Amino acid sequence: MIENHKNNKHPKVLLAIFALGMITDSFNRIHNYLRISLTDRCNLRCFYCMPEEGVDLIEKAHIMTLEEIVGIVKVYQKLGVDTVRLTGGEPLVRKNVDFLVKELAALGLTLKLTTNGILLDKYLDLFEEIGLKKINISLDSLDKNKAAFITKRDYFDRIMQNIDLALDKGMDVKLNIVIIKGVNDVELLDFIRLTQKQKITVKFIEFMPFKGNQWDWSKGVSQQEILDKAQQEFGALEVLDNPKHSTSVNFKIKNALGSFGIISTITHPFCSECNRIRLTADGKMKNCLFANKEVDILTAYRKGEGIEDLILESIKQKKYSRDGMELKMDAKKYENNRSMISIGG
Ligand code: SAM
Ligand code: SF4
């Protein structure tokens, strides 16, 4: 009898063969999703993201040029990255972002964007043209005054108009809401009601700790609290299937066109299937959002040195969950990380 050796290989061996040359960590997680911060500048000042006293901005000379971003992304792509999310700071304040988006789209990558929405109208036609459909927009309040309190700027009307424009264009819009006790938790049900008549996704994000954001979990609202409130108001929730690498658990209320999800980094971390890596605006690779250790990709790239080994070595150092932080988050650790505005969420 002729044996089919191909099919007899142990699944672990098959995985190892498949993962060869890909960005694989010591837990066999393959990393195909790169989140790039285009800038640490922003036109808002959300208090949970940017410290009260501001941040030391990265010197322009140390920020990756758009050409450097394209060159570095090509290397990541060679190592198996197929999805890139542009973020920041506010990615759309970056000059000539349209050039970058076109170049990255031409590489055949799936492109996604996280934005505060202020400048979105300028780019929607381009995004439609190149097929960038998945847009996450931060909107922490449906109340103009409260939004101004949270963001310290008054752009609410413009953001709301741009959300409508994006929906009219058929974009896949997700609203990101960092839910904080005594600030916007009273709006939880109003946000979910938005999904009743619109094909929109609302994502509640548990408040996370970063340098200088005065984090304290007593200000946070947990996944369970959100679900309890939603069920009390809307009855049984439909639990939606989660794509493998999803960072959120997702639900639908009865007869709704849209859905809502919860990104529960604090109370239910989703690290086991993590496929994400980050590149800061100054070209440092972070193998985890909470990793203090960064690998300087840009300097090596500028010197003309190969960066593949640096990338692969960095991923080997990745810890299983939240860079080793226990459930009780360790202030000594996150205060040594960057502020969220200069990481790229
Ligand atoms: N400026 C863009 C925006 O606001 O969408 C992109 C950058 S922002 C850092 C990316 C995401 O991180 C936003 O959805 C924001 O709400 C989230 N974020 C910032 N600080 C956070 C924190 N402390 N906890 C949870 N999410 C946070
Ligand atoms: Fe700017 Fe986004 Fe941070 Fe708000 S959450 S300060 S919009 S980077």
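None of the values given here were measured: they were computed from a predicted structure. Indexing begins at 1, ligand by ligand and atom by atom, following the structure's order.
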*State yes or no: are the ring centers of Phe210 and Tyr48 separated by less than 6.0 Å?*
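For Phe210 and Tyr48, the ring centres are not under 6.0 Å apart.
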*Can you list every pair that meets salt bridge (charged side-chain N to carboxylate O under 4.0 Å, His left out) and has a residue in residues 308-317, with sequence neighbours left out?*
Lys78-Glu308
*Where at least one partner belongs to residues 172-186, residue pairs that pass salt bridge (charged side-chain N to carboxylate O under 4.0 Å, His left out), sequence neighbours excluded*: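 Only Lys134-Asp172, Lys181-Glu225 qualify under salt bridge (charged side-chain N to carboxylate O under 4.0 Å, His left out).
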*What's the count of protein N, O or S atoms under 2.8 Å from atom 4 (Fe) of ligand 2?*
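Near atom 4 (Fe) of ligand 2, the number of protein N, O or S atoms below 2.8 Å is 1.
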_Passing option when Val178 is tested against Phe47, Phe207, Phe204 for side chain to side chain contact (heavy atoms under 4.5 Å, CB included)_ = Phe207
*Linking I/L/V/M/F/W/Y whenever any side-chain heavy atoms sit under 4.5 Å apart, do Leu257 and Leu167 land together?*
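Shared cluster, no.
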*Salt bridge Lys102-Glu129, side-chain N to carboxylate O under 4.0 Å*: no
*Under-4.0 Å salt bridge between Lys144 and Asp154*: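 A salt bridge links Lys144 with Asp154.
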*asked:* Taking atom CG as the centre, does Asp157 end up with more than 12 heavy-atom neighbours from other residues, nucleotides or ligands that are less than 6.0 angstrom away?
replied: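 Enclosed.
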*How would you list, by chain and number, the residues with a heavy atom under 4.0 angstrom from ligand 1?*
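Residues within 4.0 Å of ligand 1: Tyr48, Cys49, Thr87, Gly88, Gly89, Glu90, Thr114, Thr115, Asn116, Ser138, Asn176, Val178, Ile205, Glu206, Phe207, Met208, Phe210, Asn213, Met340, Gly345.
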*Test item: Arg278 side-chain N/O and Gly344 main-chain N/O as donor-acceptor pair under 3.5 Å*: yes
